[in-house]
Q: 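Quick one: this structure, given as structure tokens, is what I'll be asking you about.
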Amino acid sequence: MTSPSPSRQLVVIFVALLIVTTVGHRSLPSGITCGSQFSSPNTPLTIPNSGISWANYGIYTCEDPINWLEAEAVAGQDLKFTITVPVIDRFASVRMSAVFIGPGLPALLPEENTGVSNDILQYAADNVMGGVVFKSPQVQTNCDHLHSQEMIDATTVKDGRCDFYEPFGGSNMWVVMDDVITVSESGTYKVAVYEEHGFTAKASFACCDWPEDFLTPYSVPESTCPACGTNSSNPVWSSLYFEHKSMAQFSGFPPIQNCSMSTDIIKYPSKDMCPLLDGNDNNNVQLEKCKLGCNSLGECHSHNVFGGCTHFLDWNVAPKFGDAPVNHVIIFKGDKIKFTAPTGMPHNLFQLPNEISLDQCDFSESSSVAQVGEIFAGYEIAFDVAGIFYFSCTITGHCNAGQRLTVEVKDALDGLKCHRHEEQEKNSDKSVLCQNGQVNARAIDSMAYGSSNANECAEFCTSPTALSFMSGVEAGSCSDIFFKYNPLTYTLKPPNSPADVEVVVFSIKDEFTFCHCHSYEEIACPEEENMNDALYDEHIQEITKFCTGIIDGSEGDCPYNCFQPMEVLHLHYIECTNRTMDPMYQKVENTNQCHVGAPPPLEGSIGCNLTQLPESSKKNLTQLPGSSTSNSKVPIYHFVPTAIIIFNTCLYYTL
């Protein structure tokens, strides 16, 4: 099975999941909590729904040693909870405690609860509520202290500790407590979590039941922890919590400190100890040439046959490119897809072997491509080979709910079709005449001078002195080396040139001299169409939307989203002679600004058929939109190096 080549540009993050088989905890909130935000029973972190699983990741300091939470529960409800500590050597002695306070619980007597903070006892007394204290066993060399079957099944004894490995983020945790409390009365219950020996710590508190729900919207606060890199603006905040991977260099906070013996105030990280957050990953601005065409059936396709585009996919239960739902996308070799989960819901990425496995959500022969944390950070796959690839998410119910994607990757030649026109076959006798004191200069395969591939030679006039400073330019005429076909004249400004230069670009003589190629998509002819064939109408809609500026003269250069469907329709009308030409197409075609043939690739070309153009389309096909033999400015997408695509030796201009 051919696999795509993953391009890992962002590191793995944890994403606040405690996965037990396929059951997980939803992050509460998305980030690490610390400081005074939830340090008081008057400002607790509210658990939105105690019937599902949540996980809070906290930093405990001497200044703010208690993390307060609250949850609504009904009589007879079991509140299941787990406390873990990241496997970091300085926290090996950390033991956490949790105190549940609420109606119907036994009185919290100070003499029976030594070691419990006076603030906790006082709160319970002031509100006439009882409570139950849960403490971590001092001996943690086995997992005998676990009570939930889910955690028992998911943990092992490793290096003399009860260890839980979270596979999606690749993180290890010591499970210091796992217990359950059954409430006898309905009401609000407060939970105070703290390090029982009075040390600084990192710990996660997971509550309250095992069913997962990552889809229902809840109001969840943003972390205001003063420590840099701890909130959701850092896509790898969980790596910071575990102090590994890309965040390992920012480890060390909080240092271990005995709060009863030290009065030193621990300073929050600053300057070099803070990760740099540029936020660029959220600026998924898509170039015009890379925008996909999508229909109502969830099928999207790329117009850019030469690849090089990154398509940003919202990898959710209902995958989308932008606002367009998608289940099948056609792209080209060299394209990339970046899988992200912008809604904050966790998803992984698995590749399945075939369409049947995808349809049946059968992961028995699947392979892991990206973990949950990688999807949250943004996971990019570069598709370097042609083929069909099938993807889904293994988290419970997501595949069956529709989180599936088929990626069909085509070779550039699959998206081009080449032909030649009878009336175009003639040689050129055009020459470049220079004034006294100037010499003829030529540049082959130099985008700076307008020759965009090895089939093209740009010729212009310059002084001998200036020529000596030009890189990639030599003295002589293009015709001297057999470049003398299809001349096109442009005005451009080469790098470091103080003035515009007029150049004439010639093509080389070979068997494909008059052969030219257009962007091609197979559109069914009218007699072959069925109710699902929407591609023709889609292209008509595109030119109606994007070509109006060409018709009314407000745009001098043909936009890519107008040019590409015009190319496809041009070939379609040649192939389907019984298709009535659309009036909008004819209007755009008559401007002679959105139609040009590109030279075919020298390698892999399937040859050229001699075709007869429809009468209304018999134009000068060698004239680039916006070009002329005058000093008019050439459109930017022909000669700016960052705005042109080259495949082998074929020029295909794009925005």
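Below, each value reflects all heavy atoms present in this structure, side chains not excepted, and no hydrogens, waters or symmetry copies. These figures come from a predicted structure and were not determined experimentally.
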Q: Let me see the working for Glu243 and Arg90 under salt bridge (Lys or Arg N to Asp or Glu O under 4.0 Å), right down to the final yes or no.
A: CA-CA 12 Å; Glu243 301 182 9; Arg90 70 180 186 278; 2.6 Å; yes
Q: Apply salt bridge (Lys or Arg N to Asp or Glu O under 4.0 Å) to the pair Lys336 and Glu380, showing each step before the final yes or no.
A: CA-CA 7 Å; Lys336 301 174 183 178; Glu380 195 170 86; 3.6 Å; yes
Q: Report the C-alpha separation of Phe253 and Tyr268 in whole Å, then their side-chain angles, then the decisive distance to 0.1 Å, and conclude whether the ring pair (Phe, Tyr, Trp, His ring centres under 6.0 Å) test is met.
A: CA-CA 8 Å; Phe253 183 82; Tyr268 287 105; 5.3 Å; yes
Q: Trp315 pairs by ring-ring contact (aromatic ring centres under 6.0 Å, His included) with which of Phe391, Tyr379, Phe339?
A: Phe339
Q: Sequence neighbours left out, what passes side-chain hydrogen bond (donor to acceptor under 3.5 Å, both in side chains) with Ser270? Give chain and number order.
A: none
Q: Under 3.5 Å, is there a donor-acceptor pair linking the side chains of Ser204 and Thr84?
A: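 Yes, Thr84 and Ser204 have a side-chain donor paired with an acceptor closer than 3.5 Å.
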Q: With sequence neighbours left out, write down each residue that passes side-chain contact (heavy atoms from CB on, under 4.5 Å) with Thr43, or none if nothing qualifies.
A: Ser40
Q: Would the number of heavy atoms belonging to other residues, nucleotides or ligands and lying under 6.0 Å from CD of Glu522 be above 12?
A: no
Q: For Phe199 and Phe91, run ring pair (Phe, Tyr, Trp, His ring centres under 6.0 Å): C-alpha distance rounded to whole Å, both residues' side-chain angles, the deciding distance at 0.1 Å, then the answer.
A: CA-CA 9 Å; Phe199 282 85; Phe91 297 133; over 10 Å; no
Q: For the CD atom on Glu355, are there more than 12 heavy atoms of other groups (residues, nucleotides or ligands in this structure) within a distance under 6.0 Å?
A: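 Check fails, neighbour count at 12 or below.
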Q: Does the plane of the ring in Phe100 sit parallel, tilted or perpendicular to the ring in Phe205? Use 30° and 60° as the thresholds.
A: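 Ring orientation, 0 to 90° scale: tilted.
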Q: To the nearest 0.5 Å, tell me how far Asn67 CG sits from Ile59 CD1.
A: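 Asn67 CG to Ile59 CD1: 11.0 Å, rounded to 0.5 Å.
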Q: Applying disulfide bond (SG atoms under 2.5 Å apart), name anything that partners Cys225, two or more places apart in sequence or on another chain.
A: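 Cys225: disulfide bond (SG atoms under 2.5 Å apart) contacts with Cys34.
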Q: Side chains of Gln149 and Asp153: donor-acceptor distance under 3.5 Å anywhere?
A: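 On atom types as modelled, these side chains qualify, holding a pair under 3.5 Å.
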Q: Among side-chain atoms of Gln37 and Thr224, is any donor-acceptor pair under 3.5 angstrom?
A: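 Side-chain D/A pair, Gln37 to Thr224: present.
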